[in-house]
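Following: one structure in structure tokens, then a few remarks.
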Amino acid sequence: MKRSLIVGIVAGLLVAPLYAAEKSVGLTLAQIAAERKALVDEVVAPTEAQAEAFWRNYWQYRGGVKLLTDRTLEVIEEFNATGWSMSGNRSATLVIEVMDIEKRRTALKQTHLKEFQKILNPKQVVRWYQAERKMDAVIRADLALSIPFNDLAAHTGDELTQDAVISDREALVAAIVQLLEDQKRPFWYEYRNYTKKLTKLYDRTGDLIEEYAQSYASLTDEQAIRMTREAAQIDTDRVKALEALIYALRSELTGKQMSRLMQGELKMNAIIDLALAVAIPIDE
């Protein structure tokens with residue numbers, strides 16, 4: 001998928017604030033909460049022989065994800081409650097906490113992926129992986145709603161939209177972080193390197209989702225294995241890119257600035273993830 005096509009996907013959600021965007025994905029939070037098992041069962045279709053092991057591992061996985069999601073919500077709530085008045089030391093601690101959550105989330109998925117590969121055939125595995133991506137995009141977008149981006153970035157009007165992330169990311173980040181003059185050069189050098197990596201990863205994600213959607217009913221085992229491997233690598237590379245950014249800027253920014261940057265990245269990336277998830281099919 002070329003960047004123009006990614007922008008095209010996002011364009012379908014341009015004027016809608018994030019709180020309405022989940023409707024365009026074809027799933028709602030309420031539907032996921034009430035029908036997750038049925039949705040996964042329809043997509044993966046485990047056989048009678050696979051079912052016991054599959055569901056045991058699946059609910060272990062979801063339990064681990066819930067713990068990490070709860071931790072994310074706690075961090076966001078603390079950040080919202082204190083905002084710019086939070087101490088520098090506590091702000092720096094929260095950055096480490098969020099980074100740890102993101103790394104654990106990816107590691108958890110990769111661990112359970114290996115278990116599912118023992119239980120399911122390759123086509124079932126890639127369908128599980130992509131279905132989880134779609135449902136998690138809706139859930140994480142909802143979490144991102146509670147990050148006070150309008151206040152952070154002095155962004156006027158309605159809730160932050162996808163077009164603002166695409167066209168105004170640097171302006172939004174500058175407003176969030178509130179750089180001092182001597183911070184600007186090192187910050188933008190590192191941040192632009194990060195966004196170049198991120199753009200390539202989103203392009204790869206878009207390509208993969210497009211291929212998956214087009215061949216959903218006719219996937220070969222070889223294709224499914226390759227697509228699962230690629231999806232897992234993209235998820236790992238995204239966490240590494242964010243970690244590299246945080247590591248590179250740790251001596252350039254204050255703890256408060258780092259915390260605000262991290263919260264902004266969580267929100268902007270959740271918006272793009274939701275837009276990409278539109279194209280993931282969840283049925284025939």
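Computed from heavy atoms alone, side chains included, the values below leave out hydrogens, waters and symmetry copies.
Connection of Leu67 to Trp59 is not established within any shared hydrophobic cluster, with ILVMFWY side chains joined at heavy-atom distances below 4.5 Å, either directly or through further cluster members. Ile96 and Val177 fall into different hydrophobic clusters, defined by Ile, Leu, Val, Met, Phe, Trp and Tyr side-chain heavy atoms under 4.5 Å apart, directly or through other members.
Annotation for Ala224 and Pro122: closest pair CB-O, 3.4 Å, computed over non-hydrogen atoms. The two residues Lys123 and Val126 have their closest heavy-atom pair at O-CG1, 3.3 Å. The two residues Glu78 and Met86 come nearest to each other via the heavy atoms O-CE, 3.8 Å. Heavy-atom minimum distance, Leu39 versus Met135: CD1-SD, 4.2 Å. When all heavy atoms of Met268 and Val173 are compared, the closest pair comes out as CE-CG2, 3.6 Å. The two residues Tyr61 and Leu108 have their closest heavy-atom pair at O-CD2, 3.7 Å.
Under the rule for a side-chain contact (heavy atoms from CB on, under 4.5 Å), the partners of Gln60 that lie at least two apart in sequence or sit in another chain are Arg56, Asn57, His112. By the side-chain hydrogen bond (donor to acceptor under 3.5 Å, both in side chains) test, Thr111 pairs with no residue at all, sequence neighbours left out.
Counting heavy atoms from C-beta on, the side chains of Ile176 and Lys267 never come closer than 4.5 Å. In this structure the side chain of Tyr129 never reaches within 4.5 angstrom of the side chain of Met227, judged on heavy atoms. No side-chain heavy atom of Glu97 sits less than 4.5 Å from a side-chain heavy atom of Glu74. Contact annotation: the side chain of Gln50 never approaches that of Val44 to less than 4.5 Å [non-hydrogen atoms, C-beta and beyond]. Between Arg127 and Leu120 there is no side-chain heavy-atom pair separated by less than 4.5 Å. Gln110 places none of its side-chain heavy atoms less than 4.5 Å from the side chain of Gln233. Within the 4.5 Å cutoff, no side-chain heavy atoms of Arg133 are placed close to those of Asp273. Between Lys200 and Asp203 the shortest side-chain heavy-atom distance does not fall below 4.5 Å.
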Indicate every side-chain donor-acceptor pair of residues 240-248 with a distance under 3.5 Å to a residue at least two apart or in another chain.
unit_1 : atom_1 : unit_2 : atom_2 : d
Glu243 : OE2    : Lys103 : NZ     : 3.0
Tyr247 : OH     : Arg250 : NH2    : 3.4

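Other residues, nucleotides and ligands place no more than 12 heavy atoms under 6.0 Å from the CG atom of Asn89.
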**Q.** side-chain hydrogen bond (donor to acceptor under 3.5 Å, both in side chains) assessment of Thr205 paired with Arg238
**A.** CA-CA 11 Å; Thr205 300; Arg238 281 186 55 179; 5.6 Å; no

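Using bins of under 30°, 30° to 60° and over 60° for the plane-to-plane angle, the ring pair Tyr216/Tyr212 lands in the perpendicular bin.
Side-chain polar atoms of Glu211 and Gln223 form a donor-acceptor pair below 3.5 angstrom.
Between the side chain of Gln124 and the backbone N or O of Ala45, at least one donor-acceptor pair lies under 3.5 Å. In this structure a side-chain-to-backbone donor-acceptor pair under 3.5 Å is present from Thr195 to Arg192. Using modelled atom types, no side-chain atom of Lys256 and backbone atom of Gly88 make a donor-acceptor pair closer than 3.5 Å. The backbone N or O of Ile209 lies less than 3.5 Å from no partner atom in the side chain of Gln130, so there is not a single donor-acceptor pair.
In this structure, Arg260 fails the cation-pi test against Phe79, since its NZ or CZ atom is not both closer than 6.0 Å to the six-membered ring centre and inside 45 degrees of the ring normal.
Checked against Glu132 for a salt bridge (charged side-chain N to carboxylate O under 4.0 Å, His left out), the options Arg105, Lys109, Arg62 give a single hit: Arg62.
One finds no salt bridge joining Glu252 and Lys184 here, because no Lys/Arg side-chain nitrogen approaches an Asp/Glu carboxylate oxygen to under 4.0 Å.
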